Number of protein chains: 2
Amino acid sequence: MNKRKSLIRTDTKHSIMDAAEYMFARNGYKGTSLRAITGRAGVNLAAVNYHFGSKKVLLEAVLLRRIQPLNLERRRRFEEIRDNARKLRKKPEAELILKAFIEPVFYFGESDPGSKDFITLIGRAIVDPDDTVRKVFHKFMRSIFELLFKMMSEALPGLSRDVIFWRLHFTIGAMAHAMRICSPDMKELAHSGTATDTSAVIEHLIRFVSKGMKARR
Amino acid sequence: MNKRKSLIRTDTKHSIMDAAEYMFARNGYKGTSLRAITGRAGVNLAAVNYHFGSKKVLLEAVLLRRIQPLNLERRRRFEEIRDNARKLRKKPEAELILKAFIEPVFYFGESDPGSKDFITLIGRAIVDPDDTVRKVFHKFMRSIFELLFKMMSEALPGLSRDVIFWRLHFTIGAMAHAMRICSPDMKELAHSGTATDTSAVIEHLIRFVSKGMKARR
DNA sequence: ATACAATTAAAACAGATGTTTGAATATAAG
DNA sequence: CTTATATTCAAACATCTGTTTTAATTGTAT
């Protein structure tokens, strides 16, 4: 049967991607060897180059698998906000836009257990010192950032382009940092007794950035 | 003479540290080889292990050289704020505390030309996927963060420990991200025509985080 | 069953990595 | 100058890296 064949094929591919996501998130791109990935996945070393072609393409696949549905959800929520605003003949609300941008990242990480690593991975990809990682990531993120920028300009027409640009980047920085702290092996950072419950963090974060975003001047 | 000897010794040591700082900032810890460092420094490969013992110790030295005076300056400003507040029998102001924490990083980078790299380096060390980097960095930062936490708790007694903790981390995340964008080879990120002037960024940043910090609840 | 393609497996590849070694050189003191 | 110490240097070390190769195995149709 055709089903059987393709199932087996995608099984190894998926194992590799899962293992890679896990390892990349914890040790970074440079810090993860193909042997560590294939070892964890329980497949042969050569399988990576057979199925993906190279380590770099594997990384792209790992990132894209999560970022694509993530940004789709963000777009959906952006349009929802725009539609509602038009109906009410109002400007879209900054806080809603930020929620639409931030919440999906964390909730995607909660739904699929495997994608807990992906929160860390994304949080790090944003700033990875390795050119490969950063360029791949920015390639996937540029368009959604520009949409975010546009929406926010509509929501806060009193602010200059520069101010919006920088505040959005502060937002992303704060978000990425929160994502990393929320990662499994970073709880070390938290003070003893500090709540690291995800949904609470999201609320704190959104409150924080929307206040900063809406500051006068 | 003793002077001559120690001058020569520290000369190679300094060259190595400068080169290492430059390379670590651009390519990360894992992404930088000792050969790249010694090549740039114009010294022999073995010099690193002779003078520092290992790549890891070199990293610690590079970080410590900048972080020590940086945190000294932060402490000085913290105490200044405390003294002034006591004189006026008022609580210390959150915005001043944030300025005391944030400004020195950027200004240190502007004074010494070589330490422009260090802004990037610090910005990345905060989140480097490599355990070595992150643990070394946190070791040096823990005490100053706790002081920051204490000061902020005095400034904003209405907020819970959790809220202050998280908001300070959002602040650090935003700051680190800003530091990375300000780095030489990351301007790619900025929209065309966006001002990347350092002092302007600092002002935007402080405005942003102090608004977020002081949000009710 | 046979032939064909897709996948897996083990081994080897060339190159880069941090570190060590032992000889050569420079510097200081006696 | 001579000796002792500190530093530099080139070379080699063992190990790890991503990738390629070649053979064996598997699955799927004819």
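Values in this document were obtained by computation on a predicted structure and should not be read as measured data. In what follows, chains are A, B, ... by sequence order, proteins preceding strands, each numbered from 1. What's counted below: heavy atoms across the whole structure, side chains too, no hydrogens, waters or symmetry copies.
- What separates CG of Asn44(B) from C1' of dA6(D) is a distance of 15 Å, to the nearest Å.
- Taking the charged nitrogens against the carboxylate oxygens, Asp117(B) and Arg26(B) do have a contact shorter than 4.0 Å, which makes a salt bridge.
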Under 3.5 Å between N/O atoms: give me all the protein pairs with nucleotides 18-21 of chain C, atom names plus distance.
| residue | atom | partner | partner atom | Å |
| --- | --- | --- | --- | --- |
| dG18(C) | OP1 | Thr32(B) | O | 3.4 |
| dG18(C) | OP1 | Lys55(B) | NZ | 2.8 |
| dG18(C) | OP2 | Leu34(B) | N | 2.8 |
| dG18(C) | N7 | Arg35(B) | NH1 | 2.9 |
| dG18(C) | O6 | Arg35(B) | NH2 | 2.9 |
| dT19(C) | OP2 | Asn49(B) | OD1 | 3.4 |
| dT19(C) | OP2 | Lys55(B) | N | 3.0 |

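- For the pair Lys55(B) and Tyr29(B), the cation sits on the ring face: its NZ or CZ lies under 6.0 Å from the ring centre, inside 45° of the axis.
- For the pair Ile206(B) and Glu103(B), the minimum side-chain heavy-atom distance is below 4.5 Å.
- Dashed line: the shortest gap from a side-chain N or O of Thr12(A) to OP1 or OP2 of dT8(C) is under 4.0 Å.
- For the salt bridge (charged side-chain N to carboxylate O under 4.0 Å, His left out) test, residues two or more places apart in sequence or in another chain that qualify with Glu73(A) are Arg76(A).
- Between Ile37(B) atom CD1 and dA16(C) atom P there is a gap of 17 Å when expressed in whole angstrom units.
- Here the closest non-hydrogen pair linking Val201(A) and Phe170(B) is O-CZ, 4.0 Å.
- The distance between atom CG of Asp11(B) and atom P of dT27(C), rounded to the nearest whole Å, is 12 Å.
- For the OP1/OP2 pair of dA6(C) and a distance below 4.0 Å, the side-chain nitrogens and oxygens of His51(A) include no atom meeting the criterion.
- Close placement of the Phe145(B) and His169(B) rings is indicated, their centers lying within 6.0 Å of each other.
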